[in-house]
Structures are given as structure tokens and as C-alpha cells.
Amino acid sequence: MRFFEFPAEKNNQKTQQLSDLTMETGGIPIRSVVITTWRSGSTFLGDILNSLPGSFYHYEPLANFEIIQIRNETDSRVPQALFNIRKLLKCDYSGSSMENYLTYGKNHTWVFKFNRRLWHLCNLHPQFCYRPDFLTPLCRVFPIHFMKIIRLRLSVSGKLLDDPEFKLKMLLLIRDPRGTLQSRKHENWCIGEKDCDNPSSLCQGMVEDYYAAQLYSKKYPDHFRVVRYEDLSLNPYEITNGILRFYGLPMDSEVIKFLKSHTKVNVGDAYTTYRNSKTAPFHWIKDLSYEEIDTIQNSCSEAMKLWGYKKISNSSFQIDTFDPLLPYSVM
């Protein structure tokens, strides 16, 4: 981070050097959380943020909760979920709850692989990779921490904004339900899971997220914002720059390098982020039949209206000219 442009002011405090942002030296890191759901563009956004120098990526901290959605505060899993998230935000990998998370990670290595700086060290020193006495001090030397949460809906996860200890920024990532469900239909882990392959379940969550987003946009205007995956994909440089400004971070040269190399062509499987970003969000238009589209739309009318997604009215629509995006606002 020798040439990194540190934010002039963060949380009303002057930031002049790296030690102001690292827990190991008594500093407060820049913390951000992305709230989203499966196959909604978060892999792409996560890799953009991961390209920042000095970033430490807490990838799906609730991965060991399996394929579930925690939707409201009455859910008995809420206390444990928030406890685990707070532990990771503090770089504390100790205790039984973190032991369960680390054990899950040993058998599902993707939990750590997306944190590329950590995974580099895991490859060099695999005997240390899942040890709390290695992970805790390692995490504490990084000045930028970001987290992707998939299983905890906004109405619950937004409570983290109340915590003065973290002073975090939160971003809700939304995607057209037709695109999300088209992407999910190819995933064996999703098929048959009521919280994953059901249009009504997905769109109920999108409606609830909309009203929670309205609340948090008013209550925390400087700490909460919304991004649609389609807008990010169509305007990756402009939207990324806006996200980083929201976090108080610069449009670093490493981020620009990543965008140049990852937004032009399609390479690899469903989890790669080498994509033609102008077309990636809209595969569903060609890949879903009109009957499949109609089924999703019938379950998602309210969600699509709130988030600015245009319905297809009949089977004779023009595939090559259809634009699914409309204006939306949570203010």
C-alpha cells in the first residue's frame, strides 16, 4: 500500500497513515458489508472490492448455516448469526461458534478461496490456515475489511448499523429476479431448497428489503446505499467509483486494472468474474422460456415494480431490443 491514497477523513477522524486503520496498531479499519442473496452479482462486486490493496474479504460468514434465509428478528437463528458476524468484524476467530465456521471451511474451501490474500498464505502454509491463533492476528493487520452476507436479510442485518463500535458502511445489492432464478436453476445445491429455487420466496425477500432500504436510507444516509447489479454491469467504472467514494476509498489503479481485464469477454464457469459485463445480467432473456418468465413475473409483480424491472407482457417480445430496466428510488 505504499502509494495508496488514504482517505483524508474517516468517521470524523483524520487518517494520515496505515496504522490509523489497522486493529493491530490500535486503529479502526474501514469496514463495509454487502447484503445480497445467491446469484445476484455479488461475486463480481466482491472481486472488485477484493482488488483493492490491503483488503481482507470475509466471504459468506454464515456459510455453515446452509441454504436458508433469515428474514426477521423472530427467527431463533438471529442471535447466533449476528454474534458470528460481529466476531469476524472484530477479527476474533476464537470460540465454539467460530470453530464450527472454520470446520465448515475445511470441507468447503470456497469459503476462504475468495479471500485471495488469505488463500495465498493458506497455499504456502496449509497447516496454519484454519487456526484461530493464525487468523486473528493476520486479519488485524489489514486496514480494509469487507464482508458479503447472503443468508441474513436487510431488516435484520441492518441492525449492525446501530453498533458504534464498527461504524461500518452497508450496501444492498439487488438483481432482477428473472436473472437470479435463471442463474440458480443450474445449481444442484439450490434445486429443491424452498429458500432458493422458489420465486415467491425470493421476491418476498426483495419486497421486505425495499422497505428496509427506505428506512435505512433515511436513518443512515451516509452509511447505507443500494446498487442494482444491472447498473453496475452496464456502467462498471462509474458505479464502482461511486461505491468506493461511499466507502471513503479511492478509485485505486488496481481496481481499474481489474475492471479492464474482467468486463470484456466471457471466460470460465458460472463463478468466474471474467464476463462481458454489458450482457452478463441479461442472459435470462434468451435462456428462459416465456412460460418460465411468466411464472416468475406472476410471483414477483410487487418486487419488480418497487425495484424498477419491466415485465414482459407476451411471448412475442423482441429479445434483442427489450430493456428490462426502469427508474427506481428508495428515498
Side-chain angles (χ1 to χ4, degrees), residues 32-70 77 80-81 83-142 144-152 173 180 183-184 186-193 195-197 254 258 261-262 266-275:
S32 62
V33 172
V34 174
I35 306 299
T36 188
T37 186
W38 300 285
R39 311 306 297 152
S40 292
S42 61
T43 302
F44 179 48
L45 176 57
D47 277 1
I48 292 174
L49 299 175
N50 211 10
S51 66
L52 277 165
S55 60
F56 192 87
Y57 190 5
H58 299 283
Y59 182 86
E60 297 195 21
L62 306 179
N64 56 311
F65 282 49
E66 299 296 352
I67 310 301
I68 56 103
Q69 291 283 284
I70 301 173
R77 295 165 294 194
Q80 188 64 64
F83 180 78
N84 287 14
I85 289 167
R86 288 188 171 102
K87 291 272 283 188
L88 290 176
L89 287 172
K90 292 188 286 188
C91 290
D92 184 357
Y93 287 83
S94 65
S96 58
S97 63
M98 287 294 98
E99 183 178 350
N100 292 336
Y101 171 71
L102 296 176
T103 299
Y104 185 89
K106 288 180 183 178
N107 299 316
H108 304 81
T109 55
W110 49 265
V111 174
F112 278 11
K113 277 185 176 179
F114 283 93
N115 184 336
R116 61 187 181 90
R117 294 173 181 85
L118 170 58
W119 195 246
H120 171 70
L121 294 174
C122 288
N123 285 328
L124 292 175
H125 309 287
Q127 70 274 28
F128 297 122
C129 188
Y130 302 99
R131 285 175 50 175
D133 59 348
F134 169 73
L135 292 169
T136 292
L138 172 70
C139 177
R140 288 173 58 86
V141 302
F142 283 85
I144 301 170
H145 292 239
F146 63 97
M147 177 182 288
K148 179 177 80 169
I149 301 176
I150 280 182
R151 293 160 175 82
L152 194 66
L173 181 65
T180 297
S183 185
R184 290 181 183 181
H186 303 295
E187 304 294 344
N188 290 332
W189 50 263
C190 179
I191 297 171
E193 298 287 348
D195 272 336
C196 189
D197 72 355
E254 289 298 311
F258 172 86
S261 63
H262 285 69
N266 298 323
V267 179
D269 63 17
Y271 292 90
T272 184
T273 50
Y274 286 92
R275 288 279 185 267

Handout entry: T36 side chain vs L173 backbone, donor-acceptor pair below 3.5 Å
Key = yes
Practice task
With sequence neighbours left out, write down each residue that passes side-chain hydrogen bond (donor to acceptor under 3.5 Å, both in side chains) with N107, or none if nothing qualifies.
Solution key: none
Handout entry: By ring-ring contact (aromatic ring centres under 6.0 Å, His included) - contacts of Y101 (at least two apart)
Key = none
Handout entry: Separation of S97 OG from R86 CZ (nearest 0.5 Å)
Key = 12.5 Å
Fill in the blank from the handout: Those residues at least two apart in sequence (or on a different chain) that pass ring-ring contact (aromatic ring centres under 6.0 Å, His included) with F83 are none
Exercise for the section: Measure the NE2-CZ distance between H58 and F112 for me, rounded to the nearest 0.5 Å. Expected result: 10.0 Å
Handout entry: Partners passing side-chain hydrogen bond (donor to acceptor under 3.5 Å, both in side chains) against T136 (at least two apart in sequence or in another chain)
Key = none
Handout entry: Set of residues satisfying salt bridge (Lys or Arg N to Asp or Glu O under 4.0 Å) with respect to E193, sequence neighbours excluded
Key = none
Problem - Side chain proximity check, R151 to W38, heavy atoms < 4.5 angstrom - result: yes
Exercise for the section: Please report the closest heavy-atom contact between C196 and W189, naming both atoms and the distance. Expected result: SG-CZ3, 3.6 Å
Hey, can you pull the donor-acceptor pairs under 3.5 Å for the side chains in residues 113-124, sequence neighbours left out?
from: N115; atom 1: OD1; to: L118; atom 2: N; distance (Å): 3.2
from: N115; atom 1: ND2; to: Y57; atom 2: O; distance (Å): 3.1
from: R116; atom 1: NE; to: N50; atom 2: O; distance (Å): 3.4
from: R116; atom 1: NH2; to: N50; atom 2: O; distance (Å): 3.4
from: R117; atom 1: NH1; to: N50; atom 2: O; distance (Å): 3.0
from: R117; atom 1: NH1; to: S55; atom 2: O; distance (Å): 3.2
from: R117; atom 1: NH1; to: S55; atom 2: OG; distance (Å): 2.9
from: R117; atom 1: NH2; to: N50; atom 2: O; distance (Å): 3.4
from: R117; atom 1: NH2; to: L52; atom 2: O; distance (Å): 2.8
from: N123; atom 1: ND2; to: W119; atom 2: O; distance (Å): 3.3

Problem - Where A81 and I70 come nearest, the two heavy atoms and their spacing - result: CB-CD1, 4.0 Å
Completion exercise
In this structure, NZ of K148 is separated from CD1 of I35 (nearest 0.5 Å) by 11.5 Å
Completion exercise
Sequence neighbours excluded, the answer for side-chain contact (heavy atoms from CB on, under 4.5 Å) partners of H125 is Q127, F128
Practice task
Apply side chain to side chain contact (heavy atoms under 4.5 Å, CB included) to L49 and V34, showing your working.
Solution key: CA-CA 10 Å; L49 299 175; V34 174; 4.3 Å; yes
Problem - Distance, nearest 0.5 Å, that separates CG of L102 from OG of S94 - result: 10.0 Å
Exercise for the section: Under the side-chain hydrogen bond (donor to acceptor under 3.5 Å, both in side chains) rule, collect the residues that match up with N100, sequence neighbours excluded. Expected result: none
Can you give the donor-acceptor pairs under 3.5 Å from side chains of residues 61-69 to other protein atoms, not counting sequence neighbours?
from: Q69; atom 1: OE1; to: R153; atom 2: NH1; distance (Å): 3.2
from: Q69; atom 1: NE2; to: I150; atom 2: O; distance (Å): 2.9

Handout entry: Residues in ring-ring contact (aromatic ring centres under 6.0 Å, His included) contact with Y93, at least two apart in sequence or another chain
Key = none
Completion exercise
Hits for side-chain hydrogen bond (donor to acceptor under 3.5 Å, both in side chains) against S40, two or more places apart or cross-chain, chain-then-number order -> T180
Exercise for the section: Report the distance from atom CZ of R77 to atom CG of L152, rounding to the nearest 0.5 Å. Expected result: 10.0 Å
Problem - Atom pair CD1 (I149) and OH (Y59), whose distance is rounded to the nearest 0.5 Å - result: 13.5 Å
Problem - Closest contact, heavy atoms only, P137 versus P132 - result: CD-O, 4.0 Å
Exercise for the section: Indicate yes or no for a side-chain donor-acceptor contact from D92 to the backbone of K87 under 3.5 Å, with no hydrogens or angles considered. Expected result: no
Handout entry: Residues in salt bridge (Lys or Arg N to Asp or Glu O under 4.0 Å) contact with R184, at least two apart in sequence or another chain
Key = none
